[in-house]
Visitor: 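There's a structure below that I have some questions on.
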Number of protein chains: 2
Amino acid sequence: MNRVDESPRPSETHDIDGMASDLRMATFRLARRLRAQRAVDTMSDGQFAVLAALTMHGSHTLGQLADRERVTAPSMNRTVSLLEDAGYVSRTPDGDDRRKVTIALTPEGAAVVEETVRRRDAWLVEALGEFTDDERRTLAAAAAIMRKVAER
Amino acid sequence: MNRVDESPRPSETHDIDGMASDLRMATFRLARRLRAQRAVDTMSDGQFAVLAALTMHGSHTLGQLADRERVTAPSMNRTVSLLEDAGYVSRTPDGDDRRKVTIALTPEGAAVVEETVRRRDAWLVEALGEFTDDERRTLAAAAAIMRKVAER
DNA sequence: TATTGTTATACTCTATAACTATA
DNA sequence: TATAGTTATAGAGTATAACAATA
C-alpha cells in the first residue's frame, strides 16, 4: 500500500460511497462558487462554454456543438445565434453538404475567451494563495484525476 | 499543459495561475458530468439543493435558504413554492416573529433526497472503482480542500 | 422605519414538436 | 426517407421593483 501522507486511514479509502458523496458535494459547491464569479461578465456559462469549445477544438457544426455540450440542437441554435449577434462567432454554410453550417470563433470571440478566463481565474488564484503548498499540490493532482473521471 | 503529474517539484506549485485554470476546468467538467446523471429525475439542481440543505442543516426561514443558496428571496420563494406544491417541504408561520416562515422537509422530501443522492452517486462510485487507491485518496483529500475554497 | 416574505413582470436557458432545405 | 438546421411554443430559474404584513 503506497502511503502518500502521514496518516491515511486505510478503512476510509475503501469507503468509496462516502468519498463519492463528498466529492460530488465539493464539486458542485466549488463549481457554483466559481460560476458566481462571472457576475462581472454579461455572458452566460452556456455561451462561454461554446466559445471555449471552439477555442480548444476548432470549428464545429451546430450538431457537433450540441453533442459536445450535451444540449439539444434548438438550444444550441439559440446560443449560437446570440453569440453570432454579439459578433463572437460566425456561421458559414458547408461547401460539400449544404445542410450543414460551420460555426467558427471570430477574433472578437477569441478575445472574450481570454478575458473571461482571466477574470474567472483571478478569484480562484487569490483563494488558492491562502492554502499551503501541500494543499495546492493535492488540488493540482486531483484536477487531473477529475478530468479523467469526467471523460468516462 | 501537462505539468504536475507524478512528481510535483516545489517550483511548480508556485504556478498558481496554471493550476487555477486546470482546477476550474476540471471542476466545471466534472460538475457538468455529475449533473447530467440527474436525467432520470425530474427535479432541478436548484430544487434539489434546497432539499439537501434542509436535510443537512435542518429547517430554515426563507431568507436563510436564499442566503445559503445565494439567490434572491423571490427566486427562493418560487423554488420553495414548487417544492411545497410537490409535497416535499412544508411552510409554517413562525410563532415568535410572524413575518417569518419556517420551511421544513416532509417525509416525502426526505425520501426524495435519499433516492436522488443514491442515483447520482451510483455513477460516480462506479467511475471511481476504475481508479487506483492513491488516486481515490487524492480525490478524497482534494474534496475537503475544495469545500474550504468554496466556503471562502 | 426596517425587516420578512410575497407578487408582478421580464429575460435567459432549456426542451419538445413542427417545419424547411438538402442529401 | 433521413438528416441538419431552424422556428414556434412552453416551462423553469433568475432578477429587480413594488407591495403587504409584522416588528
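So that the names make sense, note that chain A is the first sequence line, chain B the second, and so on, each numbered from 1.
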Visitor: Using a 4.0 Å heavy-atom cut-off to protein, can you give one letter per nucleotide of nucleotides 17-23 of chain D, 5' to 3': B if the base is in contact, S if only the sugar-phosphate is, - if neither?
Guide: B---BBS

Visitor: More than 12 heavy atoms of other residues, nucleotides or ligands under 6.0 Å from CD of A/E114: is that the case?
Guide: no

Visitor: Check whether any side-chain nitrogen or oxygen of A/T72 sits under 4.0 Å from OP1 or OP2 of C/dT14, and answer yes or no.
Guide: no

Visitor: Can you check the A/L83 CG to C/dT12 P distance for me, whole Å?
Guide: 13 Å

Visitor: When you measure from the side chain of B/R78, which nucleotide among D/dT6, D/dA12, D/dA15 comes out closest?
Guide: D/dA12

Visitor: Between atom CG in A/D94 and atom P in C/dA21, what is the gap in whole Å?
Guide: 18 Å

Visitor: Between B/R33 and A/E151, does any NZ, NE, NH1 or NH2 come within less than 4.0 Å of an OD or OE carboxylate oxygen?
Guide: no

Visitor: Between P on C/dT16 and CE on A/M76, what's the gap in Å once rounded to a whole number?
Guide: 15 Å

Visitor: Between C/dT6 atom C1' and B/I103 atom CD1, what is the distance in whole Å?
Guide: 12 Å

Visitor: Rounded to whole angstroms, how far apart are CG on A/D67 and P on D/dT3?
Guide: 13 Å

Visitor: Roughly how far, to the nearest 0.5 Å, is the CG atom of B/L82 from the CE atom of B/M43?
Guide: 9.5 Å

Visitor: Looking at residues at least two apart in the chain, or sitting in another chain, which of them share a side-chain contact (heavy atoms from CB on, under 4.5 Å) with A/A104?
Guide: A/S59, A/S90

Visitor: Which nucleotide in the list D/dA15, C/dT6, C/dC13 gets nearest to the side chain of B/N77?
Guide: C/dT6

Visitor: Report, as yes or no, whether the 6.0 Å neighbourhood of atom CZ on B/R98 holds more than 12 heavy atoms from other residues, nucleotides or ligands.
Guide: no

Visitor: Closest nucleotide of DNA chain D for B/S75 versus for A/T102: which of these residues is on the 5' side?
Guide: A/T102

Visitor: Between atom OH of B/Y88 and atom CG of B/L54, what is the distance when rounded to the nearest 0.5 Å?
Guide: 14.0 Å

Visitor: Could you give the distance from CD1 (A/I103) to OG1 (A/T92), rounded to the nearest 0.5 Å?
Guide: 9.0 Å

Visitor: Go through residues 49-64 of chain A and report each residue with a non-hydrogen atom lying under 4.0 Å from DNA chain C, sorted by number.
Guide: none

Visitor: Base, sugar-phosphate, or nothing: which does A/S81 touch, judged by heavy atoms less than 4.0 Å apart?
Guide: nothing

Visitor: What distance do B/M146 atom CE and B/L30 atom CG have between them, rounded to the nearest 0.5 Å?
Guide: 7.0 Å

Visitor: Just how far, in rounded Å, is P of C/dT14 from CG of B/D45?
Guide: 12 Å

Visitor: Would you say a side-chain N or O of A/S44 is under 4.0 Å from OP1 or OP2 of C/dT12?
Guide: no

Visitor: Within this structure, what is the CG-to-P distance between A/L82 and C/dT14, rounded to whole angstrom?
Guide: 10 Å

Visitor: Rounded to whole angstroms, how far apart are CD on B/Q47 and C1' on D/dG13?
Guide: 10 Å

Visitor: Rounded to the nearest 0.5 Å, how far apart are CZ of A/R137 and CD1 of B/I145?
Guide: 11.0 Å

